[in-house]
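Before any comments, here is the structure.
Computed from heavy atoms alone, side chains included, the values below leave out hydrogens, waters and symmetry copies.
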Amino acid sequence: MSTSPTPFTHITLGRSLLTIVGLFTSTACYVADFNETHVYNPTWPAHAKFHNGQTMSMGLVLGLSTLYYLHRSPYSTNPNSASSLESTHSSPSKNTSASTVGTTPSTSSTKSLSTTPGKTAMTTAAAALERATMDIDTAALFGSLYWITQASGYLYPGSDGGMPDAPYFQLILSLSTLGVVGTGWWLERRRLARGEF
């Protein structure tokens, strides 16, 4: 496990699968709908087109959110923040009274002042690993929501997948994409659980 606050840029199978889902989710709805079958369909009322636009925007936002949480660095914007915080807690109080000047520091103060850079780096890495795990969970959630809601469309009265030759294509596509999300999430979670980071 790395202890240096460097960008989280590992290319792994799990992250690659989730990246593909993020890109697919944010673009596929526009490729499929921005034509005469949906957006430019003259038989569709304006309200239907409104909700179609809402669906496309939702796919875009969810896909981009997936990519954001998947690829952002698990370290804070200031990699030295943990070190700064620890040094603040370990520094002597500014309000030390004159009577205590020159006396021997207490045991607790000595322990605080003995913090080493190595310990700080380990603390930073542990926090980054925890954040990376949370980010993978969040990315998988965002990557799943669009496809869960698309699959649920079949449950509504009078709904139609829109493809007479393949009435369940949308359902198969949704379940397949969810399978890719689940596989990518599982691979990344297993890797992070081993401390490979």
Side-chain angles (χ1 to χ4, degrees), residues 2 5-41 44 46-79 81 124-125 127-156 159-163 166 168-193 196-197:
S2 173
T6 55
F8 191 60
T9 56
H10 297 300
I11 298 176
T12 64
L13 177 58
R15 287 167 63 81
S16 297
L17 291 175
L18 290 171
T19 297
I20 291 172
V21 171
L23 293 172
F24 183 60
T25 302
S26 60
T27 59
C29 46
Y30 287 91
V31 174
D33 293 359
F34 222 96
N35 51 51
E36 66 280 355
T37 65
H38 288 72
V39 175
Y40 295 116
N41 190 331
W44 276 29
H47 190 63
K49 293 184 179 182
F50 168 83
H51 282 294
N52 182 215
Q54 178 186 18
T55 301
M56 291 190 294
S57 296
M58 180 178 68
L60 176 63
V61 171
L62 291 175
L64 293 178
S65 297
T66 300
L67 296 173
Y68 170 74
Y69 281 99
L70 184 62
H71 291 286
R72 75 171 180 170
S73 171
Y75 294 95
S76 65
T77 53
N78 179 12
S81 58
T124 303
L129 180 59
E130 180 180 358
R131 180 175 176 180
T133 303
M134 294 176 61
D135 281 353
I136 289 298
D137 292 346
T138 304
L141 175 62
F142 279 127
S144 301
L145 290 176
Y146 181 86
W147 305 102
I148 291 173
T149 56
Q150 177 165 283
S152 73
Y154 282 90
L155 302 176
Y156 291 90
S159 66
D160 185 354
M163 302 181 69
Y168 294 103
F169 173 79
Q170 303 281 8
L171 178 61
I172 295 172
L173 177 63
S174 298
L175 296 179
S176 298
T177 306
L178 288 172
V180 175
V181 172
T183 301
W185 171 82
W186 177 75
L187 289 172
E188 279 303 288
R189 279 293 240 130
R190 186 179 65 169
R191 185 178 67 81
L192 292 171
E196 298 177 8
F197 167 60

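Of the inter-residue distances, the one linking Thr19 atom OG1 with His71 atom NE2 reads 3.0 Å to the nearest 0.5 angstrom. Put simply, CG on Leu129 and OH on Tyr75 are 8.5 Å apart, with the number rounded to the nearest 0.5 Å. Rounded to the nearest 0.5 angstrom, Arg191 CZ and Thr12 OG1 are separated by 5.0 Å. To the nearest 0.5 angstrom, Tyr69 atom OH is 15.0 Å from Leu18 atom CG. The distance from atom OG1 of Thr177 to atom CD1 of Ile172, rounded to the nearest 0.5 Å, is 11.5 Å. Here CZ of Arg131 is found 10.5 Å from OG1 of Thr138. Values are rounded to the nearest 0.5 Å.
For Tyr154, the ring-ring contact (aromatic ring centres under 6.0 Å, His included) criterion is met by Tyr168, not counting sequence neighbours. In terms of the side chain to side chain donor-acceptor pair (under 3.5 Å) criterion, residue partners of His51 (sequence neighbours excluded) are, by chain and number, His47, Gln54. By the ring-ring contact (aromatic ring centres under 6.0 Å, His included) test, Phe34 is found to be paired with Tyr40, residues two or more places apart in sequence or in another chain being considered.
Scanning all heavy atoms of the two residues, the minimum distance from Thr149 to Ser152 falls at O-OG, 2.6 Å. The shortest heavy-atom contact between Val31 and Asn35 is O-ND2, 3.6 Å. Summarising the geometry of Pro74 relative to Ala128, their closest heavy-atom pair is CB-O, 3.2 Å, with the distance given to 0.1 Å. A pairwise comparison of heavy atoms in Tyr146 and Leu62 identifies N-CD1, 3.6 Å as the closest pair. Summarising the geometry of Asp33 relative to Met56, their closest heavy-atom pair is CB-SD, 3.7 Å, with the distance given to 0.1 Å. Shown here for Gly59 and Cys29, the closest heavy-atom pair between the two residues is CA-SG, 4.3 Å.
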Would you sort out whether Val180 and Ile20 count as a side-chain contact (heavy atoms from CB on, under 4.5 Å), showing the intermediate values?
CA-CA 9 Å; Val180 175; Ile20 291 172; 5.8 Å; no
Evaluation steps, side-chain contact (heavy atoms from CB on, under 4.5 Å), between Leu187 and Arg190:
CA-CA 5 Å; Leu187 289 172; Arg190 186 179 65 169; 3.7 Å; yes
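At least one side-chain heavy atom of Tyr30 sits under 4.5 Å from a side-chain heavy atom of Leu60. Annotation: side chain of Ser144 is not in contact with side chain of Trp185 (no heavy-atom distance under 4.5 Å). The shortest side-chain heavy-atom distance between Leu64 and Tyr68 does not fall under the 4.5 Å cut-off. The side-chain heavy atoms of Leu70 and Asp135, taken from C-beta on, include no pair separated by under 4.5 Å. At a threshold of 4.5 Å between non-hydrogen side-chain atoms, the residues Asn52 and Trp44 count as touching. With a 4.5 Å cut-off on side-chain heavy atoms, Leu67 and Phe142 do not count as touching. Side chains of Thr133 and Arg189 form a contact here, defined as non-hydrogen atoms less than 4.5 Å apart. In this structure the side chain of Phe24 reaches within 4.5 angstrom of the side chain of Leu173, judged on heavy atoms.
The backbone N or O of Glu188 lies less than 3.5 Å from no partner atom in the side chain of Arg15, so there is not a single donor-acceptor pair. Proximity of a side-chain donor or acceptor of Ser26 to a complementary backbone N or O of Gly63 within less than 3.5 Å is not detected.
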